[in-house]
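Take a look at the structure below.
None of these values were measured; they are calculated from a predicted model. Order of appearance sets the numbers: ligands from 1, and atoms from 1 within every ligand. Note that these values count all heavy atoms, side chains included, but never hydrogens, waters or copies made by symmetry.
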Amino acid sequence: MKIKTLIAIEDAVAKVREWKKDQKRIALVPTMGALHEGHLALVQSAKSAADIVIVTIFVNPTQFGPTEDFAKYPRTLKDDMQMLEALNVDYVFTPNANDLYSGDFQTWVYNDMMANQLCGLTRNSHFKGVCTVVLKLFNIFRPDIAFFGKKDYQQLSVLKAMVQDLNVDMEIQGINTIRHPDGLAMSSRNRYLSDVDRKLALQISKGLNAVQETFNKGEKNIKILSERFFGCIGEHSQVQIEYCEFRKQNRLTEFQEVINAPAVLLVAVRVSNVRLIDNIELGTYEFI
Ligand code: AMP
């Protein structure tokens with residue numbers, strides 16, 4: 001079946017009414033485009049979970065700060081469509097920003113706790129933009145299930161909390177991070193890394209793996225585990241660790257000194273001007 005593009009919100013809403021009448025199970029995969037294998041893994045999982053799969057491609061202006069890369073965020077719609085077509089995706093939703101955010105738009109969704117930490121410290125209203133656009137997409141498509149990557153672990157946690165806290169009747173599924181063969185987590189922003197920077201960036205996944213190995217051998221002390229990560233990153237003028245934080249998987253709450261519950265190590269590292277995030281789970285995945 002050929003992929004179909006939906007642009008107008010009212011067309012999407014009309015389609016959803018038809019699907020609901022026919023009792024179709026609907027899966028949603030929200031993205032900002034510039035698709036790579038990480039996104040495609042989400043799509044594959046969606047395909048095996050529902051009758052209708054909709055991929056949304058929208059570079060959401062409200063989740064970018066004034067000094068961030070909204071204008072130069074990669075936009076590769078033609079290639080994206082080809083990739084989705086090859087996976088037999090049913091529908092792609094590519095809305096216009098002016099339709100999603102009309103001139104008198106004034107209602108926002110924000111998380112009061114998690115969103116003000118980790119990435120939220122440097123990306124001020126980022127999660128407010130994410131929550132708002134994702135809830136809008138949920139309201140338009142009323143999916144039974146939506147797929148998000150663990151690559152953006154904080155985003156996944158914030159959205160899980162949103163759905164629980166606001167009683168949105170649907171499931172959110174997290175999908176493991178897809179990596180390049182050398183370990184670097186796939187990201188639309190990797191294309192901005194020079195060859196030298198890419199080599200330095202590789203230390204991020206190496207550091208995460210080293211911490212996991214140490215943890216699995218029985219070390220639970222956060223200070224010692226953090227030093228393991230810092231040691232792997234080393235000292236380079238163009239590399240700065242923005243944060244390196246051990247959190248409980250459930251709602252990303254803090255530990256005292258020792259890891260005593262299923263955990264995740266979340267890091268943000270700047271390599272030259274490219275901000276990379278990554279994470280690794282420590283202990284079984286008991287994400288609630
Ligand atoms: P983005 O287009 O960057 O907003 O990402 C859209 C979705 O793809 C989000 O749920 C991301 O977490 C997910 N994603 C991005 N990169 C990866 C990856 N390397 N592995 C798995 N999921 C990913």
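- If you check the side chains of Y101 and N60, you find a donor sitting under 3.5 Å from an acceptor.
- Ion pairing between R179 and D278 holds under the 4.0 Å rule for side-chain N and carboxylate O.
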Donor-acceptor list for residues 21-33 side chains, cut-off 3.5 Å, not counting sequence neighbours:
| unit_1 | atom_1 | unit_2 | atom_2 | d |
| --- | --- | --- | --- | --- |
| R25 | NE | A49 | O | 2.6 |
| T31 | OG1 | G33 | N | 3.1 |
| T31 | OG1 | T56 | O | 2.9 |

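- Applying the ring-ring contact (aromatic ring centres under 6.0 Å, His included) rule to F229 yields no partners; only residues at least two apart in sequence or on another chain are considered.
- Counting only residues at least two apart or on different chains, the ring-ring contact (aromatic ring centres under 6.0 Å, His included) pairs with a member in residues 31-58 are H36-H39.
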Pairs under 3.5 Å, nitrogen or oxygen of ligand 1 with protein nitrogen or oxygen:
| unit_1 | atom_1 | unit_2 | atom_2 | d |
| --- | --- | --- | --- | --- |
| ligand 1 | 2 (O) | M32 | N | 2.9 |
| ligand 1 | 2 (O) | H39 | NE2 | 3.0 |
| ligand 1 | 5 (O) | H39 | NE2 | 3.4 |
| ligand 1 | 10 (O) | G149 | N | 2.9 |
| ligand 1 | 12 (O) | G149 | N | 3.2 |
| ligand 1 | 12 (O) | G149 | O | 3.3 |
| ligand 1 | 12 (O) | D152 | OD2 | 2.6 |
| ligand 1 | 19 (N) | I178 | O | 3.0 |
| ligand 1 | 19 (N) | M186 | O | 2.9 |
| ligand 1 | 20 (N) | I178 | N | 2.9 |

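- A donor-acceptor distance shorter than 3.5 angstrom exists from the side chain of K47 to the backbone of N88, with no hydrogens or angles considered.
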